[in-house]
Structures are given as structure tokens and as C-alpha cells.
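Here is the structure we will look at, set down as C-alpha cells.
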Amino acid sequence: MPATLSITGTTRVYGVIADPIAHVRAPMVFNPLFEQKGTDAVMVPVHAPADRLETVLDGLKAQPNFGGLAVTVPHKLAIMELCDEVGRQGRLVGAVNAVRFDEKRQMIGDNFDGAGFVAGMRAEGHEVTGRSVLQLGAGGAGRAIAFALADAGVSRLVIHNRTRAKAEELAAAVSAAYPQVPVSVGAAEPDGCEIVVNTTSAGLHDSDPLPINRDFLVPGLLVAEIIMIPERTALLESALERGCKIQFGRHMLDKQIDLIGGFLRCFQ
Ligand code: ATR
């Protein structure tokens, strides 16, 4: 039964806010979960062009039955600036991907990209606390994951990025926020690290180079992806061939959905 058939006057409304809007996936993910869990809620697409973002948010805020938003491109930064309160990861990353309207209709935002990655690893039996990690990439996703790995208490974090200056900036920011965690910039070589996580976009397309030389993929190393499609990136294929353990990209999204749903209180 489609979720829309069970909408009544008591249904709490949530949204996913974006521009463009047609590609968003949150309604297809959350509405079946609401059905499964028997939650009286619906997730709808909210199309907010950048120049009308504040007007749209003011309107949603004024609706007592509107619970909050999953936030996606291009609004993650702009909405953070409009929030009344932002959680630590959101502040560190400089972007929010979920916003809740509380009982006073204040906007509370946070970022669950990195926490989703860490929870996804744990769900697959891969603890990161106390482990040494080589992170490839220092883009948007890499930023969130680096802070979350430090927050989880990795024993060492080495960041490599094609553009070294971005790795240096990120390593300095993570180090300032988590001084107890040794963070450095390094080459694309595990150099004793137990986990390699690819946060670069290399792997999305067949023609992409491997983000790390396959000779460095040694048995026992855990190689984690955040790319979801293809599920088996060239990096993961090489890692399997070389006897490494692997972690698929989809676990990060699965766990983010749990975390965002919990934050929005929409699974209650
Ligand atoms: P996202 O929001 O998905 O993280 P992004 O912010 O554009 O996307 O970051 C993309 C990351 O992939 C960056 O770390 C980028 O490296 P640069 O900072 O040097 O651009 C990295 N990246 C993209 N293509 C790559 C490639 N072919 N080899 C290595 N790194 C690559």
C-alpha cells in the first residue's frame, strides 16, 4: 500500500529540502520505513530555490505539524547558518544534513554523514575506535568522515588528498578539534594503518584511476568505500583480489537514515 493512502489529519509531516528536487531519494527510503514501523508520518519533497530558502523555512516553521527536514544540495551550508542551534559535528563540518523543529519551533541542525560512516562500519563488525586509519580524500564527505573518525577515537588518522593543501587544512582542523588524536597528512600508502577509507569520488566511473596503488592492498587491511554505485568499485574488487577485508559504501547511508530518523524523532 503506498504511504500516501494512510495519511490523515494526525500525520506528522517531514521533508527533504533540495534544489533541484526530482532526484531526491529520502521519500522512497523514509515512507516505507514509516509504513513498516507503523509511524503516523510522511516524508515529502520540499523544493526550495536558494533565493526563496528563508521564505520556505519560515513557512515550514509556522506549521506545528511539520517535524523537520533532511537537507541536501545546495542547502547544507545555508541552512546551517539559519539554524538556532547546531550540533558539534555540524559545526565542525560547516554543514548540516538534518534539521529538526523543536517545541519552540527553533531549528536544530546537525550533520550525520561521518557518524553514518562510523556506525556503518560498526554494524558490519568493523570497530574504528583504537584503530589507525588512512583516509583518501579531503572533500565534503571526507571532511565529515575525518571529524567522525577522530570523534570515535581512532588511534591515528592519516589524510591523503590529491590536492595536498586541502588535506593539510583538514588535518589542522581535525587536530584542533581533537588534540588527543594524532592526525597527519601523508602519502596514499597505508604505512602501518589498519583501515583505508576512500572518500574520494575516484571509483564512480569506470575510467577513474584507483585512489591507491594496488600493491599497497595487503591481506588483513580493511578497505572501506563510501561510493554506493557501483557497489563493487574497482578499489573494492582489487582489495578482494588481494585478500583485504572490505566495507561497501551503502552501509554509510543505511546508518545515516537511522541516525537522521532518530534525530528528527520521526520513527516514534
Ligand atoms: P564529495 O562532496 O563527494 O566529497 P568533493 O567535495 O568534490 O565531493 O570531493 C571530491 C574528493 O575526491 C576530493 O578529495 C578530490 O580530490 P581534490 O581535492 O584533489 O580534487 C577527490 N578526487 C576526485 N577525483 C579524484 C581522482 N581521480 N583521484 C584522486 N582523488 C580524486
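Each ligand, and each atom within it, is numbered from 1 in the order the structure gives. For clarity, every value in this text was computed on a predicted model and none was experimentally measured.
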List, for ligand 1, each N/O atom that has a protein N/O partner under 3.5 Å away, with both atom names and the distance.
residue: ligand 1; atom: 4 (O); partner: Gly140; partner atom: N; Å: 3.2
residue: ligand 1; atom: 4 (O); partner: Ala141; partner atom: N; Å: 2.9
residue: ligand 1; atom: 6 (O); partner: Gly140; partner atom: N; Å: 2.8
residue: ligand 1; atom: 12 (O); partner: Ser201; partner atom: N; Å: 3.1
residue: ligand 1; atom: 14 (O); partner: Ala138; partner atom: N; Å: 3.1
residue: ligand 1; atom: 14 (O); partner: Gly139; partner atom: N; Å: 3.4
residue: ligand 1; atom: 14 (O); partner: Asn161; partner atom: OD1; Å: 2.6
residue: ligand 1; atom: 16 (O); partner: Asn161; partner atom: OD1; Å: 3.3
residue: ligand 1; atom: 18 (O); partner: Asn161; partner atom: ND2; Å: 2.8
residue: ligand 1; atom: 18 (O); partner: Lys166; partner atom: NZ; Å: 2.7
residue: ligand 1; atom: 19 (O); partner: Arg162; partner atom: NE; Å: 3.1
residue: ligand 1; atom: 19 (O); partner: Thr163; partner atom: N; Å: 2.9
residue: ligand 1; atom: 19 (O); partner: Thr163; partner atom: OG1; Å: 2.5
residue: ligand 1; atom: 20 (O); partner: Arg162; partner atom: NH2; Å: 2.9

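- Salt-bridge formation is detected for the pair Glu241/Arg214: a Lys NZ or Arg NE/NH1/NH2 atom is positioned less than 4.0 Å from an Asp or Glu carboxylate oxygen.
- Annotation for Asp215: atom CG counts as buried by contact number, over 12 foreign heavy atoms lying within 6.0 Å.
- No donor-acceptor contact under 3.5 angstrom links the side chains of Thr39 and Arg12, judged on distance only.
- Summarising the hydrophobic clusters (Ile, Leu, Val, Met, Phe, Trp, Tyr; side-chain heavy atoms under 4.5 Å, direct or chained), the residues clustered with Ile195 are Leu92, Val93, Phe117, Val118, Met121, Val128, Val133, Ile145, Phe147, Leu149, Val154, Leu157, Ile159, Leu170, Val174, Tyr178, Val181, Val183, Val197, Leu222, Ile226, Met252.
- For the 3.5 Å distance criterion, the side chains of Gln256 and Asn97 qualify, holding a donor opposite an acceptor.
- Here Phe112 and Phe263 bring their ring centres to under 6.0 angstrom of each other.
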